[in-house]
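Structure first, then comments.
Every number for a ligand or one of its atoms is a count from 1 in the order of the listing. Source: prediction; values computed, not measured.
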Amino acid sequence: MLRRKKESDLSTEPTKNQLSRVLGLVDLISLGVGSTLGLGAYVLAGEVAVKFTGPAVVLSFAFAAVASALSGLCYAEFASRVPKAGSAYAFSYVGIGEIVAFLIGWDLILEYSIGCASIARALSGHIDKPFGHPMREYLKETFPMHVDFLAPYPDFFSFTSIIMLTFLIAWGMRESSFLNKIFTVVNLLTVITVVLTGLIKVDTYNWNIPKEDIPLDAKGGEGGFLPFGWSGVFVGAATCFYGFVGFDAIATTGEEAKRPTKDIPLAIVISLSIITLSYCSVAIILTLIWPYYKQDPEAPFPHIYQELGWQALEWIVTIGAVFALCTNMIGTLFPLPRILYSMASDGLLFHIFSKVDSKTKTPFWGTLICGTFAAILSSLFDLQQLMNMMSIGTLMAYSLVCICVLVLRYTNDDSEECKVRDNGRFRVSLMRLLSSSFNLPNSQITTKNTGRTSVKIILVYLIVAICFCSSVSIAQTEGKFNMITYAACSVSGVLLLVLCYSLSRQPQSTNRPTFHVPCVPFVPCLSVVLNIYLMTQLDTSTWIRFTVWLFIGLLIYLFYGLRNSVERLNQRRILDETYMKQIRYEIQVY
Ligand SMILES: NC(=[NH2+])NCCC[C@H](N)C(=O)O
């Protein structure tokens with residue numbers, strides 16, 4: 001179950017089951033921006049400003065951006081190591097082992113299906129709203145559903161929209177990428193229009209409203225730039241973080257990008273920069289043109305435009321949001337079959353998902369099955385209950401990718417040293433010979449032993465990080481630190497620092513990809529803690545549902561994946577061959 005793929009096996013050489021390599025840098029960036037910059041751009045800033053931060057919402061976005069960028073860098077490093085479809089799944093197959101890879105793939109399936117379903121639902125709500133919700137009222141009356149976990153009515157609109165996009169994506173990579181580019185450009189143009197037109201109404205007073213000027217019935221805190229203090233900024237950052245969810249879609253295109261090892265890391269970094277710039281400028285403009293305590297948390301821009309009498313802009317924002325939702329939907333429908341494709345090609349999931357259609361060069365059937373699943377999910381289920389499962393899925397994948405970066409940096413799988421390990425007979429390795437000839441201290445080079453030590457440190461770090469984040473979040477819900485939580489936080493906090501430092505003293509592998517994360521182990525370590533902390537913020541029922549989903553996955557793995565794993569068959573074949581060689585050799589000697 002812990003068998004791993006070798007990095008060197010994952011070359012960019014064509015295999016028989018090929019997707020077509022048609023995506024250039026611009027396509028990848030537009031996929032990244034499109035799938036990330038969504039409704040959040042038009043809603044999050046207002047919501048966070050009025051609830052948690054006041055004008056300082058831009059700082060919350062900046063923190064959220066930094067937190068996402070930490071994971072983003074780890075994704076980028078991996079993408080340049082492993083040019084395969086499947087994102088976090090493919091990465092953990094190389095970094096950790098088959099069972100973890102399977103579970104993370106399984107978890108991504110959940111994340112993207114629920115993501116797609118909820119975006120489609122938001123889209124139908126958004127189109128219905130300007131007309132006074134005729135669709136909702138009609139369907140509620142004609143097809144009411146009174147079951148606890150189902151939606152109040154079947155949403156045919158979201159069903160049809162997902163099915164239509166599914167066909168488009170199954171149709172061909174070039175076509176869907178072209179459409180995605182257009183949608184993304186419209187989305188960005190809307191953001192630019194909102195920002196530029198807002199400049200006319202900018203009033204710096206709105207960033208510095210004294211407490212006396214705030215009406216008593218408004219929830220205005222202390223006034224000024226930080227009316228709810230720094231704690232508000234951090235709480236707001238946790239909400240803003242979800243605005244940055246989605247860029248990982250780029251990492252699923254490893255087999256469709258023209259130059260995956262170069263373009264994918266670059267696209268991740270560029271998309272994250274564009275997204276950060278967009279969110280921050282929207283947040284700045286929003287709070288500069290309108291007092292934070294008067295913002296409408298559900299539709300901040302239309303509300304302001306109504307007050308200002310700017311009707312045309314109100315429409316522009318509504319249309320922009322519809323386009324944003326469409327690209328978001330492509331951004332979730334696109335990776336889903338690619339992850340399944342990757343898992344099925346490795347033999348871990350049913351064969352049908354690994355079939356590439358000879359005409360369209362896409363995983364055609366996989367795409368249709370995924371689309372139908374998401375469409376059913378979106379039209380029938382109560383998505384409010386499922387939304388948090390999306391967050392848990394994303395955060396889990398982020399954390400694992402960071403851990404994989406750490407593991408690969410501190411073990412050198414493909415080096416001579418490991419060949420020695422695999423092939424116990426030769427004791428003297430090239431690396432050791434070299435090191436003794438140059439008189440390098442041995443501790444500068446990763447060996448089997450230092451690798452093992454590092455993996456142990458990473459494992460303990462992970463456990464301590466979970467304790468640390470849980471105690472912080474318990475203290476947070478109680479509203480104060482008591483003796484126990486205080487002790488737990490400080491002990492685990494200090495331990496985390498010590499572990500991180502001791503990991504940094506371990507030798508790192510010299511085998512670095514073209515793009516690599518700076519300041520290892522500190523960047524991935526910090527990112528792991530941040531992601532785990534955000535996971536502890538989710539409610540218990542989400543955790544229970546998530547565990548059930550993983551359990552189902554585990555059963556599929558045990559009864560199907562484990563037996564059909566291509567890696568297992570390969571390793572067995574190699575073992576058999578070595579065994580036969582050995583026997584032949586012994587017969588000769590005899
Ligand atoms: N893969 C996903 N879960 N995508 C959803 C992206 C949501 C997007 N970040 C927003 O602010 O609206």
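- Contact atoms of ligand 1 toward T332: 1 (N), 2 (C), 4 (N) (distance under 4.0 Å to a heavy atom of the residue).
- A salt bridge between R338 and E256 is present, with a side-chain N of the basic residue lying under 4.0 Å from a carboxylate O of the acidic one.
- Side-chain contact between L123 and F157: present, with at least one pair of heavy atoms (C-beta onward) separated by less than 4.5 Å.
- Counting only heavy atoms of the protein, atom 10 (C) of ligand 1 lies nearest to T36 O, 3.6 Å.
- Near M390, with a cut-off below 4.0 Å to any heavy atom, the atoms of ligand 1 are 3 (N).
- At under 3.5 Å, a nitrogen or oxygen of Y242, whether backbone or side chain, sits near a nitrogen or oxygen of ligand 1.
- Looking at L313 and F301, their side chains never come closer than 4.5 Å, going by heavy atoms from C-beta outward.
- Here is the list of ligand 1 atoms found below 4.0 Å of a heavy atom in S35: 6 (C).
- Only side-chain heavy atoms of Y112 come within less than 4.0 Å of ligand 1; its backbone N, CA, C and O stay farther off.
- Using a 4.5 Å heavy-atom cutoff, the side chains of M535 and M396 are in contact.
- Contacts with ligand 1 closer than 4.0 Å are made by heavy atoms of both the backbone and the side chain of V245.
- In terms of protein heavy-atom proximity, atom 5 (C) of ligand 1 is closest to I119 CD1, 3.9 Å.
- Between S30 and T184, the side chains place no donor N or O within less than 3.5 Å of an acceptor N or O (distance only, hydrogens not considered).
- With contacts defined as side-chain heavy-atom distances shorter than 4.5 Å, the pair P513/E77 qualifies.
- Side-chain atoms of D155 and S124 form a donor-acceptor pair, as typed in the model, at a separation below 3.5 Å.
- Proximity to L39 (heavy-atom distance under 4.0 Å) selects the following atoms of ligand 1: 12 (O).
- For the residue pair W171 / S176, no side-chain donor-acceptor distance below 3.5 Å is found, with atom types taken as modelled.
- Considering backbone and side-chain N/O of F244, none are found under 3.5 Å from N/O of ligand 1.
- Close approach of ligand 1 to E111 is summarised as follows: ligand atoms under 4.0 Å from at least one heavy atom of the residue are 1 (N), 2 (C), 3 (N).
- At a heavy-atom distance under 4.0 Å, no atom of A324 approaches ligand 1.
- Using bins of under 30°, 30° to 60° and over 60° for the plane-to-plane angle, the ring pair W106/W549 lands in the parallel bin.
- For Y279, the closest heavy-atom approach to ligand 1 falls below 4.0 Å.
- Taking any N or O of G40, backbone or side chain, at least one lies under 3.5 Å from an N or O belonging to ligand 1.
- Using a 4.5 Å cut-off on side-chain heavy atoms (C-beta onward), C402 and S71 make contact.
- Neither the backbone nor the side chain of Y42 has a heavy atom within less than 4.0 Å of ligand 1.
- Distances from ligand 1 to the non-hydrogen atoms of G331 include no value under 4.0 Å.
- For N328, every heavy-atom contact with ligand 1 shorter than 4.0 Å involves the side chain, none the backbone.
- Proximity of S113 to L336: side-chain heavy atoms (C-beta onward) are separated by under 4.5 Å at one or more points.
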